[in-house]
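The structure appears below as structure tokens.
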Amino acid sequence: WNWRVPRWNGWVRFGVIAAAVATTLLGAHAATPAPSGLELCEKAKTLGWREQDGWVFSPSSLRTNYAVDAGALAGIARLVEALRAKGTTVVMVVVPPRSVVVADHLSQPVVFAGKPYSAALARDSYQSVLASLRGVGASAVDLVPASQTDPEAFFLFNDSHWSADGARRSGQAVASTIRTLPGNEQLSPRQFSTEAITPAVLGSGWLGGKIREVCGGDPVPLTIERTRTTPVGVGLLDESGPPQVVLVGTSFSGTEHFNFAGAIEQALGADVLPVPIAGGGTTAAIRSFLPSPAFHDAPPKFLVWEFPLEHL
């Protein structure tokens with residue numbers, strides 16, 4: 001392998017990295033606390049943060065113009081084709097922003113970047129991104145239907161991530177998509193069991209931490225309901241062979257409290273190897289996995305690639 005990835009300061013451009021991978025393969029005053037326990041001060045509002053009905057929205061979640069540019073799509077197309085040549089199908093999981101999922105909590109006029117925010121435009125933008133990815137040969141999972149069965153439970157109330165329930169529903173959507181794709185019948189079937197375990201209590205969620213940086217105040221503890229998924233009837237010495245489904249992604253996939261990989265396993269009935277990198281952005285995990293011996297020696301049948309829409 002001759003694996004070289006250019007390094008830049010700041011965010012790594014999505015399309016440039018995809019193309020590189022393919023080539024290698026081939027001071028504020030106090031405010032009234034919201035029900036979430038977070039205080040959104042006037043300085044935060046000036047910076048683009050919004051709060052309504054206790055839900056806090058970051059500036060990046062209030063965009064309505066998400067898109068993958070032509071250069072990025074060309075890179076993704078080459079990546080998808082290179083992986084297909086290895087027998088691997090790319091399944092892209094784009095997490096919609098919380099402002100789309102819980103749009104009812106933005107029912108009052110919300111002005112962002114000088115104009116009223118439109119959840120309908122943001123939803124159309126999300127669908128346009130999925131259509132663009134499908135247009136270059138990737139399979140893209142639409143998570144909006146899964147999120148709408150219980151929108152308020154999909155995301156954590158005072159954090160930017162999904163809840164364990166949101167991860168569970170998303171895992172079911174991913175499994176449903178994989179079952180429609182060629183090669184799914186070759187997956188080795190396995191039964192799994194998922195159980196609730198002791199909730200995790202963290203010092204603060206991402207939203208709470210960011211708001212404290214601007215507004216000050218005390219940390220607001222974040223409680224996360226958790227689940228654990230284990231294979232049924234498998235001993236410690238049993239061997240399952242190379243993974244046929246691999247999950248790369250961000251902290252949505254990499255935070256074990258959410259059990260996203262386990263949710264896919266439970267719904268799909270097949271082993272999933274999670275290799276995400278929390279804090280690595282859109283591409284760190286896939287850049288790490290593709291040049292690895294694990295991929296080189298036994299490419300998986302399905303590569304599930306998760307990232308939030310807000311990363312585009």
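No hydrogens, no waters, no symmetry mates; every other heavy atom, side chains included, goes into these values.
Scanning for salt bridge (charged side-chain N to carboxylate O under 4.0 Å, His left out) contacts around E213 gives an empty result, with sequence neighbours left out. For the side-chain hydrogen bond (donor to acceptor under 3.5 Å, both in side chains) test, residues two or more places apart in sequence or in another chain that qualify with T194 are T229, Q266. For E306, the side-chain hydrogen bond (donor to acceptor under 3.5 Å, both in side chains) partners are T250, S253, not counting sequence neighbours. Listed by chain and number, the residues in a salt bridge (charged side-chain N to carboxylate O under 4.0 Å, His left out) with R212 amount to none (sequence neighbours excluded). For R84, the salt bridge (charged side-chain N to carboxylate O under 4.0 Å, His left out) test picks out E81, with sequence neighbours left out.
When all heavy atoms are compared, the tightest approach of R63 to A122 is O-CB, 3.7 Å. The heavy-atom pair separating A261 from P274 by the smallest distance is CB-CB, 3.8 Å. Summarising the geometry of L207 relative to V56, their closest heavy-atom pair is CD1-O, 3.8 Å, with the distance given to 0.1 Å. Nearest heavy atoms, Q186 versus Q244: O-NE2, 3.3 Å. Minimum interatomic distance between V94 and P308 (heavy atoms only, all atoms of both residues): CG1-C, 4.5 Å. Between A44 and C215, the closest heavy-atom pair is CB-SG, 3.8 Å.
To the nearest 0.5 angstrom, W55 atom CH2 is 11.5 Å from S99 atom OG. One finds the OG atom of S139 at 7.0 Å from the CZ atom of R134 (value rounded to the nearest 0.5 Å). The distance from the CD atom of Q172 to the CG atom of L143 is 11.5 Å, given to the nearest 0.5 Å. To the nearest 0.5 Å, the span separating CD on E195 from CZ on R228 amounts to 4.5 Å. To the nearest 0.5 Å, the span separating NZ on K301 from NZ on K86 amounts to 15.0 Å. To the nearest 0.5 Å, the span separating OG on S163 from CG on D150 amounts to 8.5 Å.
The list of side-chain hydrogen bond (donor to acceptor under 3.5 Å, both in side chains) pairs with a residue in residues 124-133, not counting sequence neighbours, reads Q127-D142.
Classification of the H161-F252 ring pair by plane angle, with boundaries at 30° and 60°, yields tilted. Between W162 and F154, the angle of the ring planes goes over 60°, which puts this pair in the perpendicular group of the 30/60° scheme.
Under the 4.5 Å side-chain criterion, counting only non-hydrogen atoms from C-beta, T88 is in contact with F295. Put simply, the side chain of R168 does not reach to within 4.5 Å of the side chain of F260, judged on heavy atoms. Between V245 and P300 there is no side-chain heavy-atom pair separated by less than 4.5 Å. With a 4.5 Å cut-off on side-chain heavy atoms, V304 and V248 do not count as touching. Side-chain atoms of H311 and S60, non-hydrogen and from C-beta on, never get closer than 4.5 Å to each other. In this structure, P151 and V102 have side chains that are in contact, with non-hydrogen atoms separated by less than 4.5 Å. Using a 4.5 Å heavy-atom threshold, the side chains of L309 and V95 count as separate. Looking at heavy atoms from C-beta onward, F155 lies out of side-chain contact with S147 at the 4.5 angstrom threshold.
No side-chain donor-acceptor contact under 3.5 Å links T255 to the backbone of F258. Under the 3.5 Å distance criterion, the side-chain polar atoms of Q191 are left unmatched by any main-chain donor or acceptor of V232. Remark: side-chain polar atoms of R226 are paired, donor with acceptor, to backbone N or O of T198 under 3.5 angstrom. Here the side chain of S288 pairs no donor or acceptor atom with the backbone of A285 at under 3.5 angstrom. Checking side-chain atoms of R123 against main-chain N and O of S118 turns up no donor-acceptor pair under 3.5 Å.
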Audit row: L268, F192, side chain to side chain contact (heavy atoms under 4.5 Å, CB included) steps and yes/no: CA-CA 9 Å; L268 185 61; F192 293 86; over 6 Å; no
Could you walk me through whether V246 and V275 pass the side chain to side chain contact (heavy atoms under 4.5 Å, CB included) check? CA-CA 7 Å; V246 171; V275 290; 3.6 Å; yes
Take L303 and I286 through the test side chain to side chain contact (heavy atoms under 4.5 Å, CB included) and record every step on the way to the result. CA-CA 9 Å; L303 181 65; I286 195 168; 3.8 Å; yes
Can T227 and I197 be said to form a side chain to side chain contact (heavy atoms under 4.5 Å, CB included), step by step? CA-CA 5 Å; T227 61; I197 59 177; 5.8 Å; no
Using the rule given for side chain to side chain donor-acceptor pair (under 3.5 Å), can you reason through T149 versus R169, listing the C-alpha separation, both sets of side-chain angles and the distance that settles it, and then say yes or no? CA-CA 9 Å; T149 58; R169 284 184 266 158; 3.0 Å; yes
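Grouping the Ile, Leu, Val, Met, Phe, Trp and Tyr side chains by contacts below 4.5 angstrom, directly or via other members, places L273 apart from I277. Note on M92 and L312: same hydrophobic cluster, where clusters join Ile, Leu, Val, Met, Phe, Trp and Tyr whose side-chain heavy atoms are under 4.5 Å apart, directly or indirectly. At a threshold of 4.5 Å between side-chain heavy atoms, the hydrophobic network of Ile, Leu, Val, Met, Phe, Trp and Tyr places V136 and V68 in one connected group. Hydrophobic clustering (ILVMFWY, side-chain heavy atoms < 4.5 Å, transitive): L187 and V141 are in one cluster.
Within 6.0 Å of CD on Q148 lie more than 12 heavy atoms contributed by other residues, nucleotides or ligands.
For the pair R50 and F57, the NZ or CZ position fails the cation-pi test of under 6.0 Å to the six-membered ring centre and within 45 degrees of the ring normal.
Between the side chains of T64 and Y117, not a single donor N or O lies within less than 3.5 Å of an accepting N or O.
A side-chain contact (heavy atoms from CB on, under 4.5 Å) with F302 is found for one member of N184, I264, L247 and no other, namely N184.
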